[in-house]
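To find a chain, count down the sequence lines: A is the first, B the second, and so on, and within it residues start at 1.
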Protein chains: 2
Amino acid sequence: MSDYEHTCLIRGDGGATLREILDQICNKWTLLVVATLDQGRLRFTDLHQQIPGISQRMLTLTLRNLERDGLVAREAYAEVPPRVEYSLTAVGKSLIPPALALAGWAIEHVPHIEASRAVYEPRTKAAQRS
Amino acid sequence: MSDYEHTCLIRGDGGATLREILDQICNKWTLLVVATLDQGRLRFTDLHQQIPGISQRMLTLTLRNLERDGLVAREAYAEVPPRVEYSLTAVGKSLIPPALALAGWAIEHVPHIEASRAVYEPRTKAAQRS
DNA sequence: CCGTATCCTTAGTGATACTG
DNA sequence: CAGTATCACTAAGGATACGG
């Protein structure tokens, strides 16, 4: 594959849908929820507790989107108190490896990036103070 | 690696920085800019034209962040009219494969996701109209 | 327990105008 | 050419309260 094709790929030149899906996956919570569900079948409350910082609202919204896209299966039991279990579908599971690749890259380069940030100072106003 | 470790990875349990970096990469423009720069050295205007829909402002901000994180090198020539060229650093280039993995996944599953969306209807208000 | 509804704050984004 | 500055707007996200 040529470099130019790389560009087109990530751009999603094949249609607006690709960008849309990519954006959806890369948002604040989606990868997190998918990663957490990689452990197996989990209830709403379990997810809420295991994902630090997520609000009920965002968990619900994220789960709805994942369900709509067929990455997560939702199963509600007609019991009282209610019980709902979420799990990854086959497609959802297939997201794990590429997601892991990205996470792996990030982990590997955290030191470099932190070092780079440490020495960086905005060019335009470098001499503004002191 | 265990499933639980997967979760921790993507979560960025190793510190807040990881989540931060992941978020940064996954935002609306970063991957796009990196992918475009994969073609080689480009000027500001070239980038602006090759990335459909990006504003000057967002291009500038994205480039600054990438520069700060050491993924992109900026070289300004003291000429008139001014000329500034951007290129990927080694670290920046190393982002391409994992990014491509994600893009590849998305492309592969677009049909499935679109099909899933087509049949999806929100549960709670399924019978609200008509 | 598992959500939905509502309000509110703020970060992200775009448009425009201006400068070295 | 390559930005910066400013304004205005939108949508994402969080907090809270309530409902099935």
Side-chain angles (χ1 to χ4, degrees), chain A residues 16 19-20 22-33 36-37 41-68 72-87 121-128, chain B residues 16 19-20 22-33 36-37 41-68 72-87 120-129:
Chain A
R19 277 305 313 276
E20 211 177 293
L22 230 34
D23 283 357
Q24 179 98 45
I25 289 166
C26 284
N27 72 21
K28 197 172 180 187
W29 300 113
T30 303
L31 273 185
L32 220 43
V33 170
T36 305
L37 278 175
R41 209 175 182 69
L42 287 175
R43 302 180 58 164
F44 186 89
T45 307
D46 294 333
L47 282 167
H48 194 198
Q49 287 172 354
Q50 290 198 31
I51 300 176
I54 198 171
S55 63
Q56 258 190 352
R57 173 184 158 78
M58 290 320 294
L59 180 53
T60 302
L61 287 179
T62 306
L63 285 170
R64 289 295 162 275
N65 285 333
L66 287 170
E67 190 191 357
R68 182 191 47 149
V72 157
R74 177 184 190 273
E75 192 157 8
Y77 299 86
E79 304 170 355
V80 43
R83 179 164 57 102
V84 179
E85 290 182 350
Y86 294 92
S87 55
E121 59 186 84
R123 284 186 329 288
T124 51
K125 304 192 177 177
Q128 86 178 17
Chain B
R19 278 304 314 274
E20 214 176 292
L22 231 32
D23 282 357
Q24 180 98 46
I25 289 166
C26 284
N27 70 20
K28 196 172 180 184
W29 300 114
T30 303
L31 273 185
L32 220 43
V33 170
T36 305
L37 278 174
R41 210 174 181 70
L42 287 173
R43 302 179 59 163
F44 186 88
T45 307
D46 294 333
L47 282 167
H48 195 199
Q49 286 170 355
Q50 290 199 32
I51 300 175
I54 197 170
S55 63
Q56 257 190 353
R57 174 184 158 77
M58 291 320 294
L59 180 53
T60 302
L61 287 179
T62 305
L63 285 170
R64 290 293 164 277
N65 285 333
L66 287 170
E67 189 192 356
R68 183 191 46 146
V72 157
R74 178 186 190 270
E75 192 157 8
Y77 298 87
E79 302 172 354
V80 44
R83 180 164 56 101
V84 178
E85 289 182 350
Y86 294 92
S87 56
Y120 178 83
E121 58 185 85
R123 285 186 327 290
T124 50
K125 304 192 178 178
Q128 86 179 19
R129 54 139 209 79

Hey, could you give me the OG1/OH distance between A:Thr62 and A:Tyr86, rounded to the nearest 0.5 Å?
11.0 Å
Please report, rounded to the nearest Å, how far the P atom of C:dA5 is from the CG atom of A:Leu61.
11 Å
How long is the line joining CG of A:Asn27 and C1' of C:dA11, in whole Å?
15 Å
Pair up each side-chain donor or acceptor in residues 22-29 of chain B with any protein partner under 3.5 Å, not counting sequence neighbours, and list the distances.
from	atom 1	to	atom 2	distance (Å)
B:Asp23	OD1	B:Arg19	NH2	3.4
B:Gln24	OE1	B:Arg68	NH2	3.4
B:Asn27	OD1	B:Trp29	N	3.1
B:Asn27	OD1	B:Thr30	N	2.9
B:Asn27	OD1	B:Thr30	OG1	2.6
B:Asn27	ND2	B:Gln24	O	3.1
B:Asn27	ND2	B:Thr30	OG1	3.1

With sequence neighbours excluded, residues passing side chain to side chain contact (heavy atoms under 4.5 Å, CB included) with B:Arg83:
B:Arg43, B:Tyr77, B:Glu79, B:Glu85
B:Tyr86 side-chain N/O to D:dC1 phosphate OP1/OP2 under 4.0 Å:
no
With B:Leu59, which of B:Leu32, B:Thr45, B:Val33 fulfils side-chain contact (heavy atoms from CB on, under 4.5 Å)?
B:Val33
Counting side-chain heavy atoms from C-beta on, which of D:dG14, C:dG3, C:dG14 comes nearest to B:Trp29?
C:dG14
Tell me: CD1 of B:Ile54 to C1' of C:dA15, nearest whole Å?
15 Å
Is the phosphate of C:dA11, meaning OP1 or OP2, less than 4.0 Å from a side-chain N or O of B:Lys28?
no
Mind calculating the distance between CG (A:Leu59) and P (C:dC1) to the nearest angstrom?
14 Å
What is the bend of the helix from C:dC1-D:dG20 to C:dG20-D:dC1 when you compare the axis at one end with the axis at the other, using five pairs each and rounding to 10°?
40°
Given atom CD of B:Glu85 and atom P of D:dA2, what is their separation to the nearest angstrom?
9 Å
When you measure from the side chain of A:Phe44, which nucleotide among D:dG3, D:dG14, C:dG3 comes out closest?
C:dG3
Let me know the distance between CG of B:Leu42 and P of D:dC1, rounded to the nearest Å.
15 Å
Under 4.0 Å: is that the gap between some side-chain N or O of B:Thr45 and OP1 or OP2 of D:dA2?
yes
Contact state string [nucleotides 15-20 of chain D, B base, S sugar-phosphate only, - no protein heavy atom under 4.0 Å]:
B-B--B
Give the rounded distance in Å between these two atoms: CE of B:Met58 and C1' of D:dC9.
14 Å
How many Å lie between CG on B:Leu47 and P on D:dA2, as a whole number?
10 Å
Contact under 4.0 Å: A:Arg83 side-chain N or O vs C:dC2 OP1/OP2:
no
Would you sort out whether B:Leu66 and B:Leu37 count as a side-chain contact (heavy atoms from CB on, under 4.5 Å), showing the intermediate values?
CA-CA 11 Å; B:Leu66 287 170; B:Leu37 278 174; 5.5 Å; no
Once side chain to side chain contact (heavy atoms under 4.5 Å, CB included) is applied, do any residues pair with B:Thr60, and if so which ones, sequence neighbours excluded?
B:Phe44, B:Arg64
Does A:Ser55 have any side chain to side chain contact (heavy atoms under 4.5 Å, CB included) partners at least two apart in sequence or in another chain, and if so, which?
A:Arg57, A:Met58
